[in-house]
Amino acid sequence: MAEDGTVVDVLRASTPGRSDAPEVVERALVEGVTTLRQEHDVTAIGVGAAGFVGLDGRVRFAPHVSWRDEPFAAKLTDRLGISVVVDNDANVTALAELRYGAAAGRREVLVLTLGTGIGGAVVMGGAVRRGAQGLAGEFGHLQVVPQGRLCPCGHRGCWEQYASGTALVRAAREAGAPEDVTGPEVTAAAGTGTSWAEAAFAEVGRWLGVGLAGLVAGLDPELVVIGGGLSAAGDLLLDPTRAALADRLPGRRYRTVPPVVVAACGPEAGMIGAATLARESMGQVGGTVGGSSA
Amino acid sequence: MGLTVGVDVGGTKIAAGVVDEKGQIVATSRRESPAMDSEAVEATIAELVRELKKEHAIEAVGVGAAGFVDVRRSTVLFAPNIAWRDEPLKAELERLTDLPVVVENDANAAAWGEFAFGGGKDFDDFLLVTVGTGVGGGIVLDGQLHRGAFGVAAEIGHLRVVPQGRPCGCGNLGCWEQYASGSALVRDARERVAAGSDDVANLLRRAGGRAEDLTGPIITEAAQDGDAVAVELLSEVGRWLGEGIASLTAVLDPAVVVIGGGVSEAGDLLLEPIRQHFRANLTARAYRPELEIRPAELGNKAGLIGAADLARQD
Ligand SMILES: [Zn+2]
Ligand SMILES: [Zn+2]
């Protein structure tokens, strides 16, 4: 990525499986970066990874690859001889939206990425806040229904059981979709006015708003940005979200209900955000990214 | 900056104190609050400040008030207990006292006090949960008080924990403070009496035999004396608190959670159930360092001390 946020070159590879050793992912990344460096003068590298990423760049836990407390940033920096920073994928998506997207110029923002689950990031005072251990913004397992649906995390009633791609497929099936329907098919069917697809978006959108009401009450953002695969549905998803949020927000008569908008950086948001993080982290270690104090 | 004044504007009393840069209160003064007369409240605050100014070299004033305060910390948009609506409090008080004034929501002021000088002083990322009549709180991340975009951040008492649950004064159903506050504690105790349960005899005796005279302090005292029902009532409130704090921790990832407010005076009778249910409900606990949940240290002075320090920071 160039300094102005333009993506100059892209290289893609499939993610190695969960059963592969951490070194396999690492090797694939090193190879990709090496190829890109043959063509471009790269000064820093940023990585966005699904999972828990500590402030020291260690990946404590990743759901899709076999990292467990992996000192990823340090290892890559070592192998590539160039500064490598690592952050959670939702955090880097938020950074992209903050610098170049729907949240440009804003200071208090909630960013959610809806895919299989819910990813989240908290922007306060114009910076992505990572918390004490780098684990802030874990919204997916907030409980929205006591004794609700069982979640793989071991708890019941987690938000992502009601407001995610997985929940969308479930809601579509319950509304009469074929048993083997996929998320993208539900989105496509909703576009052509299929009733089970519309019902599924109404249901998932409503739960999205219900959970947001709590977050907005606690954090008081000026804007909510929704990204990830599901956000491609736009108002079909977000109109019921806005209605549920406006209906449930405590003290709504005395406050402004923040707008809920679709992310603007698209599927490349993570890449752009990670590169931005790398650029902004040059010469500083750890802590807040893109910090600007009040 | 040397000395500043912190003012805590309550529903019944207005307290002002001179505070040094270490958070120590050097002098205090208080008056009854003429709550329903907004101009009289301002005159009373100014009078307290002028009185303290005679004896001390005051450089600025911080005011903590219940209600919504705008982001520029100058206007009270709405106060539940005082007749302020879009009140330009900063400008009025600066005119009356000839000192720079900062206005802050009282929960934020208390959070800042505990963060700077109390239970959070060794940390950068901090959450205060105040358990009194309701549930309030404050958030500090990266050493900065989080005020939110509209100055109403950390209204955590109205997070919904039970869909279609108990009605709340805010108009919603199932708010956290309907389960995890001093009011919930007393309500549960009264309901237990009304249900005719005979294990409440001891508790009832402490309230002079009248369920309507049961209070939070009475229940706490009974629990400290080993009354099983009182212990159970407190641990139920602790359970709701622990579950809610687990959610807030997933969102904010604080390094420490400090529990303040009147009900926190029950000490470990409240804190232990909080810790236990926090651990049971925290998502991905195996991948996180254990987080400390500790009692507040400044008691009901946190707001005054915090407001004074915020005036110094400005
Ligand atoms: Zn879960
Ligand atoms: Zn409420």
Side-chain angles (χ1 to χ4, degrees), chain A residues 51-52 54 60-61 68-69 106-109 120 122 124-125 127 129-146 148 151 153-155 157-158 210-211 213-223 247-256 258 287-288 291 293-294, chain B residues 67-68 71 77-78 80 85 123-126 137 139 141-163 165 168-176 243-244 246-256 280-289 291:
Chain A
F52 288 176
R60 290 179 187 277
F61 167 76
R68 296 295 181 268
D69 216 18
R106 305 301 190 100
R107 297 182 59 80
E108 310 291 331
V109 187
V122 179
M124 288 182 184
R129 299 294 167 182
R130 301 182 63 192
Q133 280 108 36
L135 306 182
E138 288 296 327
F139 303 152
H141 301 281
L142 293 179
Q143 193 189 52
V144 294
V145 181
C151 179
C153 78
H155 297 293
C158 294
V210 167
L215 285 176
V216 170
L219 300 174
D220 189 25
E222 61 186 308
L223 178 73
D247 187 46
R248 308 256 180 170
L249 186 61
R252 54 198 167 273
R253 277 176 298 153
Y254 302 108
R255 66 194 298 166
T256 313
T288 307
S293 51
Chain B
F68 291 168
V71 198
L77 304 173
F78 166 76
R85 299 291 180 273
F123 303 91
D124 280 341
D125 300 281
F126 152 96
I139 298 163
L141 287 185
D142 292 330
Q144 290 177 32
L145 179 63
H146 176 54
R147 296 191 179 84
F150 308 111
V152 292
E155 289 285 314
I156 56 179
H158 302 283
L159 298 180
R160 194 183 69 147
V161 295
V162 180
C168 178
C170 76
N172 283 349
L173 298 174
C175 292
W176 194 22
E243 290 179 7
S247 291
L248 289 168
T249 297
V251 173
L252 298 169
D253 187 23
V256 65
N281 284 276
L282 184 63
T283 176
R285 190 162 64 88
Y287 306 104
R288 299 169 177 272
L291 166 146

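Between B:Leu248 and B:Trp176 the shortest side-chain heavy-atom distance falls below 4.5 Å. Inter-residue side-chain proximity for A:Glu108 and B:His146 is flagged as met; some heavy-atom pair is nearer than 4.5 Å. Taking 4.5 Å as the limit, some side-chain heavy atom of B:Asp142 sits within range of a side-chain heavy atom of B:Asp125. Here the side chains of A:Leu215 and A:Leu142 are in contact, with some heavy-atom distance below 4.5 Å.
The contact between B:Asp253 and chain A is made by backbone and side chain atoms together, counting heavy-atom distances below 4.5 Å. In this structure, the portion of B:Val161 lying under 4.5 Å from any heavy atom of chain A is its backbone and not its side chain. Heavy atoms closer than 4.5 Å to chain A are found in the backbone of B:Ala280, but not in its side chain. Looking at A:Val109, neither its backbone nor its side chain comes within 4.5 Å of chain B, counting heavy atoms on both sides.
Most heavy-atom pairs under 4.5 Å with chain A, from the set B:Leu252, B:Leu173, B:Val162, B:Leu145: that is B:Leu252.
At distances below 3.5 Å, not a single donor-acceptor pair connects side-chain atoms of A:Arg130 with backbone N or O atoms of A:Gly137.
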